[in-house]
Amino acid sequence: MTTPPSLHYSATAGRLDSVLSELSGVSRSQVSQWIEAGRVTVSGVSVKRTSHKLRGGEALEADVPPPAPSHVEPEDVSLDVLYEDDALIAINKPPGMTTHPAPGVLSGTLVNALLGRMTLPAQEGFNEEGSFRPGIVHRLDKETSGVIVVAKTVEDHARLAEAFRDRETRKTYLAIAIGQWKADRPLHVDAPIGRHPVARQRMTVGGTSYKEAQTLLTPLAHLTNPHGQVLTLVQAEPRTGRTHQIRVHLTHLGSPILGDTVYGRSSEAIGRHALHAWKLDVPHPRTGETLKLEAALPDDLLNAWIALGGSLPPVLTGP
């Protein structure tokens with residue numbers, strides 16, 4: 001195997017990630033991964049801050065990592081199939097399953113499991129962002145459970161992607177929020193979201209290169225724990241599709257999701273963040289008819305709410 005090259009440049013003035021991306025022709029997100037992994041030096045000194053300011057003239061060196069494998073192995077994994085036909089498949093994704101492979105995560109993903117049972121479109125290999133997303137139209141965070149739709153052909157992928165982009169879908173989530181916010185009526189949050197300027201793994205209201213973001217939050221039930229904290233069982237309907245959108249908007253209200261270690265803290269009541277993609281209405285890519293998909297509420301989330309002293313509202317228990 002050929003050893004990946006080291007890149008050498010004389011810096012121009014600006015942010016380290018932006019300058020190195022421009023000089024190398026590599027995407028800014030990929031360059032940021034190099035920096036955060038300690039693969040970039042400035043005048044011989046390792047720098048791990050993507051926002052490091054360059055005056056110009058410094059010697060930049062990047063130790064390019066080896067390319068990710070271009071082949072992803074199919075795996076025999078049982079999946080909870082909600083709907084399937086020749087155009088698409090809808091899965092109730094379990095918590096803890098990553099949606100698609102990326103550097104360092106080449107097995108155990110939803111894509112691996114799907115390749116174990118079918119052929120997916122556009123399997124040429126990893127894209128410029130370092131991920132492999134055949135058929136993936138939208139994604140769920142690793143610890144988020146619930147409905148996810150995957151296309152089976154290039155044409156169906158394009159139609160589904162257009163439906164998500166043009167907001168022809170309706171997404172409904174269920175979450176447990178803990179903290180200051182206690183509403184007794186639906187609240188429409190309209191707050192743009194961008195990358196956190198310091199903690200790059202986080203998003204925030206405002207932030208870097210922010211985009212519009214709207215979420216309708218409907219409180220279904222409240223409880224107060226022995227420490228006097230208010231918890232709210234929330235129905236969340238994101239009207240846009242920003243990364244971590246529901247998690248960020250609830251954090252913005254002072255009520256991060258229970259168990260969210262990125263925006264809040266861990267919880268003894270549940271071993272992951274308490275967020276579930278409950279329902280998805282999406283136009284079928286061939287017929288245009290609305291598919292109404294629903295993933296049963298996970299036991300860990302419901303058990304956490306009950307263990308904390310809550311009771312289930314009628315909307316979750318039926319008539």
Side-chain angles (χ1 to χ4, degrees), residues 79-80 82 90-99 138-148 170-189 202-203 214-239 242-281 292-319:
L79 293 172
D80 182 4
L82 303 173
I91 302 294
N92 180 7
K93 187 187 82 66
M97 176 180 275
T98 301
T99 299
H138 63 123
R139 62 181 295 276
L140 297 177
D141 296 331
K142 179 179 179 180
E143 298 304 330
T144 302
S145 54
V147 183
I148 186 168
R170 180 178 180 181
K171 296 170 282 186
T172 305
Y173 290 70
L174 189 74
I176 300 175
I178 180 170
Q180 301 174 19
W181 180 63
K182 181 180 179 181
D184 56 8
R185 59 178 59 88
L187 173 66
H188 182 260
V189 180
R202 298 178 59 187
M203 309 299 286
Q214 296 97 33
T215 308
L216 178 64
L217 300 172
T218 302
L220 302 178
H222 299 291
L223 66 86
T224 302
N225 69 15
H227 303 289
Q229 293 175 308
V230 173
L231 289 91
T232 306
L233 191 63
V234 184
Q235 176 178 300
E237 297 178 57
R239 303 297 169 80
R242 308 303 171 216
T243 300
H244 298 178
Q245 179 171 316
I246 297 170
R247 298 163 67 188
V248 170
H249 275 170
L250 282 168
T251 300
H252 180 61
L253 295 175
S255 292
I257 291 176
L258 182 73
D260 191 340
T261 57
V262 175
Y263 297 98
R265 62 184 62 184
S266 61
S267 169
E268 294 182 356
I270 190 169
R272 49 118 176 179
H273 60 240
L275 179 64
H276 177 68
W278 183 18
K279 300 177 183 180
L280 174 64
D281 295 352
K292 291 185 174 293
L293 306 167
E294 181 173 335
L297 300 177
D299 289 341
D300 64 343
L301 192 152
L302 295 181
N303 290 342
W305 179 252
I306 293 171
L308 290 165
S311 58
L312 299 181
V315 68
L316 300 183
T317 59

Kindly say whether Gly264 contributes a backbone atom to a donor-acceptor pair with the side chain of Asp260 at under 3.5 angstrom? no
Of all heavy-atom pairs between Ser145 and Pro298, which one has the smallest distance, and what is that distance? OG-CG, 3.7 Å
Main-chain N/O of Leu79 paired with Lys93 side-chain donor or acceptor, under 3.5 Å: no
Are more than 12 heavy atoms from other residues, nucleotides or ligands located less than 6.0 Å from atom NZ of Lys279? yes
How far apart are the closest heavy atoms of Pro219 and Leu217, and which atoms are they? CD-O, 3.8 Å
Value rounded to 0.5 Å, distance of OG in Ser255 from CD1 in Ile176: 12.5 Å
For the CD1 atom of Ile178 and the CG atom of Leu231, what is their distance to the nearest 0.5 Å? 4.0 Å
Residues 303-311, side-chain donor-acceptor partners within the protein, below 3.5 Å, at least two apart:
unit_1	atom_1	unit_2	atom_2	d
Asn303	ND2	Asp299	O	3.1
Trp305	NE1	Ser311	O	3.0

Heavy-atom neighbours of His252 NE2 exceed 12 at 6.0 Å: no
Any donor-acceptor pair under 3.5 Å from Thr251 side chain to Arg247 backbone: yes
Begin from the C-alpha positions of Lys142 and Met97 and carry the test side chain to side chain contact (heavy atoms under 4.5 Å, CB included) through to its verdict. CA-CA 5 Å; Lys142 179 179 179 180; Met97 176 180 275; over 6 Å; no
Determine which pairs satisfy salt bridge (charged side-chain N to carboxylate O under 4.0 Å, His left out) with at least one residue from residues 222-231, sequence neighbours left out, and list them in order. none
Qualifying residues under side-chain contact (heavy atoms from CB on, under 4.5 Å), relative to Thr144, sequence neighbours excluded: Leu140, Asp141, Tyr173, His273, Leu275
Evaluate side chain to side chain contact (heavy atoms under 4.5 Å, CB included) for Val147 paired with Asn92, printing each intermediate quantity in order. CA-CA 5 Å; Val147 183; Asn92 180 7; over 6 Å; no
Under the rule for salt bridge (Lys or Arg N to Asp or Glu O under 4.0 Å), what residues qualify as partners of Asp300, not counting sequence neighbours? Arg272
Taking only residues two or more places apart in sequence, or in another chain, which ones meet Pro186 in a side-chain contact (heavy atoms from CB on, under 4.5 Å)? Leu216, Thr218
Tell me every residue that passes salt bridge (Lys or Arg N to Asp or Glu O under 4.0 Å) with Arg265, counting only those two or more places apart in sequence or in another chain. none
Pair Leu258-Leu301, side chain to side chain contact (heavy atoms under 4.5 Å, CB included): steps then yes or no: CA-CA 10 Å; Leu258 182 73; Leu301 192 152; over 6 Å; no
Just to verify, what does His222 make a side-chain hydrogen bond (donor to acceptor under 3.5 Å, both in side chains) with, not counting sequence neighbours? Thr232
Can Thr99 and Ile148 be said to form a side chain to side chain contact (heavy atoms under 4.5 Å, CB included), step by step? CA-CA 9 Å; Thr99 299; Ile148 186 168; 3.7 Å; yes
Measuring from atom CG of Leu293 to atom OG1 of Thr172, what distance do you get when rounded to the nearest 0.5 angstrom? 11.5 Å
I'd like to check the side-chain hydrogen bond (donor to acceptor under 3.5 Å, both in side chains) partners of Gln235; sequence neighbours left out, ordered by chain and number. Glu237
Return the set of residues passing side-chain hydrogen bond (donor to acceptor under 3.5 Å, both in side chains) with Thr215 (not counting sequence neighbours), or none when no residue passes. Gln245, His249
Of all heavy-atom pairs between Tyr263 and Met203, which one has the smallest distance, and what is that distance? OH-N, 2.8 Å
Using the side-chain contact (heavy atoms from CB on, under 4.5 Å) criterion, which residues pair with Leu297? Sequence neighbours excluded. Leu174, His276, Trp278, Leu302, Leu316
For Asp281, which residues count as a salt bridge (Lys or Arg N to Asp or Glu O under 4.0 Å) partner, sequence neighbours excluded? Lys292
Within-4.5 Å side-chain heavy-atom neighbours: Val248 and Leu250: no
Under the ring-ring contact (aromatic ring centres under 6.0 Å, His included) test, which residues partner His138, sequence neighbours left out? Phe164
